[in-house]
There are 2 protein chains.
Amino acid sequence: MDVENHIKSNQTLKLHKKALINLLITSQYVNDRINAILKTFGLTTPQFNVLRILKGQKGQPANLSTIQDRMISKMSNTTRIVDKLIEKELVSRQICKDNRRKIEIFITDNGHQLLDQVNPHFEKEERLMTSQLNENELKEFYNHLNKIRINE
Amino acid sequence: MDVENHIKSNQTLKLHKKALINLLITSQYVNDRINAILKTFGLTTPQFNVLRILKGQKGQPANLSTIQDRMISKMSNTTRIVDKLIEKELVSRQICKDNRRKIEIFITDNGHQLLDQVNPHFEKEERLMTSQLNENELKEFYNHLNKIRINE
DNA sequence: CACTTAAATTTGTACCAACAAATATTGTAT
DNA sequence: ATACAATATTTGTTGGTACAAATTTAAGTG
């Protein structure tokens, strides 16, 4: 669907505006598709991301700052996301012996099992959403995105 | 910044994954920049969007369904966004005479004045964020986004 | 008119984000 | 050792999102 149609605009927008609006609409679309999958497993996107980060630790624990560093959206409340995961027994938390300010977070066996269930669906959806773009187009798209964040 | 670096991934990701993650990171970036501007005027993004939609009505009122239709993210709670704007006296609400189920929302003079103040800053930021892409690249970028939403 | 269905909005709940302030622990300087 | 700064996490508050259920009013049917 065209952007003007999507937001039901009655004026003709400049291309750079349309591109930015399309970026927001499309990321919303991607988020919605991902949410729909995760929801069937009782997970939210940030919860899933925390689990993936912990899995990436390969047995090593992570403290909250580390998790926060690796999140796509650097938000401030990893504590409360982890709380939810602990309720579901997907992760566990213990105070770091060396530095009692730090909290070590582990993924549990339950957590691993849930990830293994979710991942095939997740990756299928990722492939589907990018299936209309060939390698060259993906590369272009990637570079264009980088140019928007040029002043980051 | 590269995507792997951004999420501190230690594995090499496939291009289609990197592109999708970059999409989410970049839309987050755009949202953050926009929020930063609106915040100095005491507005949130959805509040600003509702104001813009009402301005686009050119004197005509809008009901809640209309506003919702034109929002970038079609969320369910226009009522509460409008409540915030009424508190700030940027919009007013009155029950439609013809159909008392419908609520007519108007932008106030205050609302217009605030929009006139915000818009130059907003448009400057839009131009800045797209300044590294020429017209042809913007067109490509726009088309690539559409291809991701192909199954919409 | 009574009854049912549909439309438009409101309300409730659970979760997340942004921000600021509070708390707890460690490190450092004198 | 005491005071102070830095680090890591937690907590409180406001605003937003998604979803479902409730409410209100309008419209249609016998």
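Heavy atoms only: backbone and side chains are in, while hydrogens, waters and symmetry mates are out. Since the model is a prediction, treat every value here as computed from it, not as a measurement. Naming: A, B, ... by sequence-line order, numbering from 1 per chain.
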What is the distance, rounded to the nearest whole Å, between atom CG of B:Asn77 and atom P of C:dA8? 17 Å
Please report, rounded to the nearest Å, how far the P atom of D:dA8 is from the CG atom of A:Asp69. 10 Å
Begin with the C-alpha distance, continue with both residues' side-chain angles, and end with the deciding distance and a verdict on side chain to side chain contact (heavy atoms under 4.5 Å, CB included) for B:Ile7 and B:Ile25. CA-CA 9 Å; B:Ile7 63 170; B:Ile25 291 173; 4.2 Å; yes
Do the two ring centres, one from B:Phe122 and one from B:Phe48, sit under 6.0 Å apart? yes
Do B:Leu128 and B:Val30 belong together in a cluster built from hydrophobic side chains that touch within less than 4.5 Å? no
In residues 37-64 of chain B, which residues come under 4.0 Å of DNA chain C by heavy atom? B:Lys39, B:Asn63, B:Leu64
How close or far is atom P of C:dA17 from atom CD1 of B:Ile34, stated in whole angstroms? 18 Å
What does B:Asp83 touch in the nucleic acid at a heavy-atom separation under 4.0 angstrom: a base, only the sugar-phosphate, or nothing? nothing
Salt-bridge contact A:Glu137-B:Lys147 (side-chain N to carboxylate O under 4.0 Å): yes
Go through D:dT9, D:dA18, C:dC16 for me and flag the one nearest to the A:Lys84 side chain. C:dC16
Give the rounded distance in Å between these two atoms: CD of B:Gln94 and C1' of C:dT9. 16 Å
Which value, rounded to the nearest 0.5 Å, describes the distance between B:Lys88 atom NZ and B:Lys84 atom NZ? 8.0 Å
Please determine whether a side-chain nitrogen or oxygen atom of A:Gln28 lies at a distance below 4.0 Å from atom OP1 or OP2 of D:dA18. yes
Within-4.5 Å side-chain heavy-atom neighbours: B:Leu51 and B:Val118: no
Please compare A:Asn99 and A:Ile81 by the position of their nearest nucleotide in DNA chain C and report the one closer to 5'. A:Ile81
Using whole Å, what does the distance between atom C1' of nucleotide C:dT10 and atom CD1 of B:Ile103 come to? 9 Å
Of all the heavy-atom pairs spanning A:Asn49 and A:Met71, show the shortest one and how long it is. CB-SD, 3.9 Å
Distance check: side-chain N/O of A:Thr79 vs OP1/OP2 of D:dT9, anything under 4.0 Å? no
Classify B:Asn31 by what it touches in the nucleic acid, base, sugar-phosphate, or nothing, heavy-atom distance under 4.0 Å. nothing
B:Phe141 side chain near B:Thr130 side chain, heavy-atom distance below 4.5 Å: no
Below 3.5 Å, does any donor atom in the side chain of A:Arg101 face an acceptor in the base of D:dT7, or the other way round? yes
Can B:Arg149 and A:Asp32 be counted as an ion pair, charged N to O under 4.0 angstrom? no
For the helix from C:dC1-D:dG30 to C:dT30-D:dA1, what angle separates the axis at the start from the axis at the finish, each from five pairs, in steps of 10°? 10°
Any donor-acceptor pair, under 3.5 Å, between the side chain of A:Arg80 and the base of D:dG12, if you only look at N and O atoms? yes
What integer distance in Å separates A:Ile95:CD1 from D:dT9:P? 11 Å
A:Pro61 to A:Gln57 - nearest heavy-atom pair and separation: O-NE2, 3.0 Å
Atom-pair distance (CE on B:Met71; C1' on D:dG16), nearest Å: 10 Å
Rounded to whole Å, please give me the gap between CD1 in A:Ile72 and C1' in C:dA17. 15 Å
Touch class at under 4.0 angstrom, heavy-atom based, for B:Glu104 against every strand present: nothing
DNA chain D nearest-nucleotide lookup for A:Ser65 and A:Asn35: closer to the 5′ end is A:Ser65
